[in-house]
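Each chain gets a letter, A, B and so on, in the order the sequences are listed, and its residues count up from 1.
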There are 2 protein chains.
Amino acid sequence: MSPATGGRHRPTMRDVAREAQVSVMTVSRVVNGGDPVNPQTRQRVLDAIERLGFRPNSLARGLRHNRSTGLIGLVVTNLANPFYSRLAVAVEETARRLGLALIVGNTDEDAARERQLVEDLLARRVDGLIIVPAGEDHGYLAGDLTRGTSVVFCSRPPRGIDADVVTVDDFGGARDAVAGLAAKGHHRIGYIGHLARIHTGGERLNGYLAALADAGLPAAEELVRVGITGAEEAERAAADLLGGPAAPTALFTSNNLLTVGALRAMRTLRAVGGAGTELVGFDDFDLADMLEQPFSVVAYDAELLGRTVTDLLADRLAGETGPPRAVVIGTRPAPRGTLAARQATR
Amino acid sequence: MSPATGGRHRPTMRDVAREAQVSVMTVSRVVNGGDPVNPQTRQRVLDAIERLGFRPNSLARGLRHNRSTGLIGLVVTNLANPFYSRLAVAVEETARRLGLALIVGNTDEDAARERQLVEDLLARRVDGLIIVPAGEDHGYLAGDLTRGTSVVFCSRPPRGIDADVVTVDDFGGARDAVAGLAAKGHHRIGYIGHLARIHTGGERLNGYLAALADAGLPAAEELVRVGITGAEEAERAAADLLGGPAAPTALFTSNNLLTVGALRAMRTLRAVGGAGTELVGFDDFDLADMLEQPFSVVAYDAELLGRTVTDLLADRLAGETGPPRAVVIGTRPAPRGTLAARQATR
DNA sequence: TTGTATGCGTTATCAC
DNA sequence: GTGATAACGCATACAA
């Protein structure tokens, strides 16, 4: 293995220094610019770097002046959900603009996995964390917060710790949507929702209940299905609800996946001559506008959510030490959905 | 600030050692297990760790025994495309299973940005890279490959370098789909495709042309639109094509976004009484089965692609030094799409 | 303009 | 069972 082709290991500044017949410091100066270096020496070093294929080790650099790694972690509950992948895209884009690299982790709504992931990210000395919490208690992060790791929560507020958080107006969005259904004359409005113990699930259910109360409608237990965890389960729940003795004339679903499940059930029912049910679902989604079935969604800007949460984090990284901030992203009713597939593929 | 609450900086082993009245080495032993430590000393150290909120610095650890960082990078062209986010999910899941953390980066199909991202990831000493190449030449990675950084390419083969690659059967999938249209009696089959200079674009166009040739159909230039970069542009192209003097009776679109655009155009046309066009698109997508319009897709398993590419990388990380491998993921025709929203939200 | 000593947080090695 | 020392790759402080 000739020196000219580079060795078999990743070359260090020492290797370059040896190759260029200078000291390590001179190499460091050339690599980092700034300090004056003799043009000829400089060229010798550059040649050596080229020959050896040297790349500065940013980890060692960071270790030296014990500062930022330029790394942030994004911990989400379900990256496969289009909503969270949109969030991730927005976070990645904003982070990169700020010169930060992004490590993503998926918890699959498992608190233990979340804890493990977060610990790993802290061990990797990320500058900051964006967490969509699955766990019930984040008190274990309190110490890290005071010691220089910034944490911002997303979608759901943390418990056991005071930190920045960006949420969606879950309660208001759900309440307004259901109020709209009631205003249209619906007296029996069904609810299909994900786990009520999850913040978004609880708030959206509360919004539904509040709207019923406001409209003077009774909250019938047999019209409420909670703890539904996916499209297929939602399809079964909707079929069950709509095929029952006193079927609701309208349905509210608490997230995008459940909306799709309900739509499938409605399509099946319509095929056998079932009545048209009116549907409103939380979360907009791609192609919602392309479906023939009439329904509408409670939409909000997932990209804005991602940008906001990343901006808050960046703010902390920049030294902001004020009290925790809570930002709420507003919702708006969107008939038939409006989220076109706007992305380009080049 | 009492010692019991921890200081304002991230505590190191030294801090713990001082607190527990032992040497750093003892702390290290306690932290890493393995070496025998007196139970009482051990407890003192654990208490100190608890009090101070110490977390081992995995960067420094990595620096010490100059080995794997346990980090891999995923560089994709368009994370906003559902296809790539599915890929990312599969990669993240597989990586985590292997104990690797994942840094994701989006190039937006920009070669310069890709280069910059890759350089940054190499500086961060990732153990390996998964790249969906946007750049035309990856010769600059040749040196890194021999020096211990594993690289696997995804979706498109690299140029200027020999490395593992996992692709989709773009040519075969497109050819079979268009052959199917021809077999159904279509003589004028339109093509709406993304950039032909991109590997997938070129291969799918070639597949289209091959199918036409096989069927003895002329390749009419006015039926081919390439370089289309998104759903909106595809919608215009399709409307243009279908509204023209000699409109095709069938359409082939080269990816999911373009398929959606074409579907929009077809819906508009149908609303004004236009003829029914037959459509086949490359890439399956969510809700394809829910759309009323008749069409079909060329489907393939994006998760399998992600798992495969990550497995190949893991193989290299484990020391595999054989010649570069090329894996091709097969496609299958899927009437109306079959990709249900199967994910769960808990 | 260039080099030496030192330290970042951790661990391998060897001594006690 | 425990500790001192050196080293990982790099950069700051200071000296030459």
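- No hydrogens or angles considered: nothing links the side chains of B:Asp120 and B:Gln116 as a donor-acceptor pair under 3.5 Å.
- Using a 4.0 Å heavy-atom distance criterion, B:Val22 is classed as a sugar-phosphate-only contact.
- At a threshold of 4.0 angstrom between heavy atoms, the contacts of A:Arg14 are confined to the sugar-phosphate backbone, with no base atom among them.
- Minimum atom distance to the side chain of A:Ser23 is reached by C:dT4, of the listed D:dG3, C:dT4, D:dG1.
- In this structure, B:Ala60 and B:Thr41 both approach DNA chain D, and ranking their closest nucleotides by distance from the 5' end singles out B:Thr41.
- Computed from coordinates, the A:Leu52 CG to D:dG9 P distance equals 13 Å when rounded to whole Å.
- Which of D:dG3, C:dT4, C:dT10 sits closest to the side chain of B:Phe54 comes down to C:dT10.
- Rounded to whole Å, the distance from CG on A:Asp15 to P on D:dC8 is 10 Å.
- Here the side chains of B:Val132 and B:Thr107 are not in contact, with every heavy-atom distance at 4.5 Å or above.
- Using a 4.0 Å cut-off between charged nitrogen and carboxylate oxygen, B:Asp164 and B:Arg325 count as a salt-bridge pair.
- One interatomic measurement links the two molecules: CZ of B:Arg29 to P of C:dC14, which rounds to 14 Å at whole-angstrom precision.
- Looking at the side chain of A:Thr12, the nearest of the listed nucleotides D:dC10, D:dG3, C:dT2 is D:dC10.
- Between the side chains of A:Arg61 and A:Asn32, at least one donor N or O lies within less than 3.5 Å of an accepting N or O.
- For the pair A:Arg64 CZ and C:dC8 C1', the computed distance is 6 Å after rounding to whole Å.
- Going from atom CG of A:Asn57 over to atom P of D:dG9 covers 8 Å, rounded to whole Å.
- Distances shown here put every side-chain N or O of A:Ser28 at or beyond 4.0 Å from the OP1 or OP2 atom of D:dC10.
- If you take CZ of B:Arg61 and P of D:dG9, they are 18 Å apart, rounded to a whole angstrom.
- Remark: B:Glu109 engages B:Arg156 in a salt bridge, criterion side-chain N to carboxylate O under 4.0 Å.
- Among the protein residues, B:Asn32 comes within range of the sugar-phosphate backbone only, with heavy atoms under 4.0 Å from sugar or phosphate atoms but none that close to a base.
- Whole-Å rounding puts the A:Met25 CE to D:dA11 P distance at 8 Å.
- Comparing B:Val37 and B:Leu63, the nucleotide of DNA chain D nearest to each residue sits closer to the 5' end for B:Val37.
- Atom CG in B:Leu59 sits about 18 Å away from atom P in D:dC8, given to the nearest Å.
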